[in-house]
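The first residue in the sequence is number 1, and the count goes up from there. Just so you know, these numbers use all the heavy atoms, side chains as well, and skip hydrogens, waters and symmetry mates.
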Amino acid sequence: MAKSKRATLKRVVLAPRAVRQLRRVRSVYLVGMMLSLLGLVLQLNRGAGTGRQVEIAAVLLAVFSALFALAVVQLWRHSRTRHCGTAKKFAGGTA
């Protein structure tokens, strides 16, 4: 059973540049989520006649949430690969 669990969790080794880019865009996705949520709340408070804007804000919130989750999962999976020098450096180990 342990072997099948390992088969589903593949190791991800990212280049140092890709790790830096993921760390940068993670904050952009988080800000996008917050702004979309703010827009959604403000549109819901307006009341009737804002159906289209609410749909757009909800779609943007879902997209930014998915992108943020994907970036976090990729960074988490990368940090689990201890044989990679980049992962060791970001985890605080010696490369």
Ignoring hydrogens and angles, write down the donor-acceptor pairs under 3.5 Å from the side chains of residues 27-44, residues two or more places apart or on other chains.
| residue | atom | partner | partner atom | Å |
| --- | --- | --- | --- | --- |
| S27 | OG | R24 | O | 2.9 |
| S36 | OG | G32 | O | 2.8 |

- Query: What residues join V73 in its hydrophobic cluster, counting side-chain heavy atom gaps under 4.5 Å, either direct or through other members?
  - Reply: none

- Item | L22 with L70, same ILVMFWY side-chain cluster at under 4.5 Å | no

